[in-house]
Amino acid sequence: MIKKLRCFFNFVINKKNNIMSGTLHGKEKSQEEIEKIIEQTKNSDQKIYPILKPGNWVGLKAGALSSTLIPSEDGAEVVIGYGMDTPDNFVFLTKKHLETMDAKQITQEAFENLANCDTGLEFVEALDNKAVGANGTDFSSETILSRTHMLKAHAMLDAEELLVSIPRRTCMTIISRQADEDTINKFAFLHNHTWEDDSFGNAPITNSFFIVKDGNIVGHIPL
C-alpha cells in the first residue's frame, strides 16, 4: 500500500480556462440550439480529438459517441468521447453525426490528431525531475491515449513501466512504476490533492493510477 505523504511540497499547475469543461457545465442548451450546433459540425473541417470523461458523464445520456476505457459492472468507469472545435463551441459528436461521418474514420482521425499534438511533456521539478508531466494544455490528460507520447515518457524516465495520474482534465503526471518510495508518496499526494481540488474547474476523470507498458495502457489501480 502506498503510504501517505508526511511532508508537503510545492507544486503549481497553470490555471487555465477549460473550454471543454465550460461546454459541459454551462447552461443547458435548448433542442433548437443543439440541432443548430450539430448541423454546423456535420460538414465541418475542424479537427476531431478524443476527450476523457468519467462513466457518469451527462453527455452519454444525450447520445454522445464514446468508447469505454475502463469498464465497470454497471457500464463504464472512464469513457472516451469525441469532439471538435467550431468557431463558437467545442462540440461533442453524437450519434446524429454518424449520418454524415464514418465511426472508424472519427476514431482514427481523433487519435492521429492527438499524436500530432504538442502536449509539452516536461520534467517535474517538485518531484526532483523523477516525474514528467503535461499540465494546462487542452489535451494534457488525453496524452495517455497516445502511444507516441507515452513512448516519449518511457524514454524520458528510462522506465519500462509507468504509473500515470490523470485525475482531472488538462492534468497528467507520470513516474516510473519502479520509482523509489519517496517519489511514489509524493506522486500519490499530488494525485489526491488534484482529485479533491476543484478550484481550477477542470472536469474530473478518475481516482485511479494507470499502468503503461510499451506505450500502451495495460491496467489501472483504483484508489
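Here the structure is a predicted model, which is why all the values come from computation and not from measurement. This chain uses plain numbering: 1 for the first residue, then up along the sequence.
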For this session: Would you mind reporting whether Leu145 and Leu69 have side-chain heavy atoms less than 4.5 Å apart?
Result: yes
Cluster check Val78, Val58: I/L/V/M/F/W/Y, side chain < 4.5 angstrom:
yes
Tell me whether Arg177 contacts the main-chain N or O of Ile211 through its side chain, where contact means a donor paired with an acceptor under 3.5 Å.
no
- Task: Could you tell me whether the side chain of Asp214 and the main chain of Asn216 form a donor-acceptor pair under 3.5 Å?
- Result: no
Would Ile144 and Ile217 satisfy side chain to side chain contact (heavy atoms under 4.5 Å, CB included), going step by step from the backbone distance to the final call?
CA-CA 8 Å; Ile144 192 174; Ile217 298 171; 3.9 Å; yes
Checklist line | 4.5 Å side-chain heavy-atom contact, Ile221 and Leu163 | finding: yes
Practice item. Could you tell me how the ring of Phe210 sits relative to the ring of His220: parallel (under 30°), tilted (30 to 60°) or perpendicular (over 60°)? Key: tilted
Q) Is there a donor-acceptor contact under 3.5 Å from the side chain of Arg169 to the main chain of Ile51? A) no
Correct closest heavy-atom pair for Trp57 and Ala64 would be CH2-CB, 3.6 Å
TODO: Measure the acute angle between the ring planes of His191 and Phe209, then classify it against the limits of 30° and 60° as parallel, tilted or perpendicular.
DONE: perpendicular
dist Thr94:OG1 -> Tyr82:OH (nearest 0.5 Å) comes out at 14.5 Å
- Message: Any non-hydrogen side-chain atom of Glu142 less than 4.5 Å from a side-chain atom of Cys117?
- Response: no
Any link between Val164 and Phe123 through a network of hydrophobic side chains (Ile, Leu, Val, Met, Phe, Trp, Tyr) touching at under 4.5 Å? yes
Rounded to the nearest 0.5 angstrom, the NZ-CG distance for Lys96 and Leu65 is 13.0 Å
In terms of heavy-atom contacts, Ser140 and Gly136 come closest through OG-N, 3.6 Å
Closest non-hydrogen contact found for Val124 with Gly133 is CG2-N, 3.7 Å
*Side chains of Thr137 and Asp118: does their closest heavy-atom pair fall under 4.5 Å?*
no
d(Ser208 OG, Glu77 CD) to nearest 0.5 Å is 4.5 Å
| message | For the CD atom on Glu160, are there more than 12 heavy atoms of other groups (residues, nucleotides or ligands in this structure) within a distance under 6.0 Å? | response | no
- Message: Under 3.5 Å, is there a donor on one side chain and an acceptor on the other for Ser146 and Thr143?
- Response: no
### Query
Should Leu151 and Val218 be counted in the same cluster of Ile, Leu, Val, Met, Phe, Trp and Tyr side chains packed under 4.5 Å apart?
no
In short, Met84 meets Ile48 closest at the heavy-atom pair CE-CG1, 3.8 Å
Would you confirm whether Glu109, through its side chain, and Lys47, through its main-chain N or O, come within 3.5 Å as a donor-acceptor pair?
-> no
Point to revise | Donor-acceptor contact present, side-chain His154 to main-chain Leu162, <3.5 Å | key: no
**side chain to side chain contact (heavy atoms under 4.5 Å, CB included) assessment of Phe200 paired with Arg168** = CA-CA 10 Å; Phe200 293 103; Arg168 292 180 177 273; over 6 Å; no
Closest non-hydrogen contact found for Ile205 with Ile166 is CB-O, 3.4 Å
Lys152 and Val132, any side-chain heavy atoms less than 4.5 Å apart
no
Item to complete: Using atom types as modelled and distance alone, determine if a side-chain donor or acceptor of His149 lies under 3.5 Å from a backbone N or O of Leu121.
Response: no
In this structure, CD1 of Ile80 is separated from CG of Leu52 (nearest 0.5 Å) by 6.0 Å
Checklist line | Asn116 atom CG, neighbour heavy-atom count above 12 within 6.0 Å | finding: yes
So CG of Leu190 and OG1 of Thr173: to nearest 0.5 Å the spacing works out to 4.5 Å
### Task
Please check if the side chain of Asn135 supplies one atom and the backbone of Met172 the other of a donor-acceptor pair under 3.5 Å.
yes
In the structure I gave you, are the side-chain heavy atoms of Met150 and Ile174 within less than 4.5 Å of one another anywhere?
yes
List the steps and the verdict of side chain to side chain contact (heavy atoms under 4.5 Å, CB included) for Asn202 and Cys171.
CA-CA 8 Å; Asn202 296 328; Cys171 304; 3.9 Å; yes
For Ile175 and Lys130, the nearest pair of non-hydrogen atoms, with its separation, is CG2-O, 3.9 Å
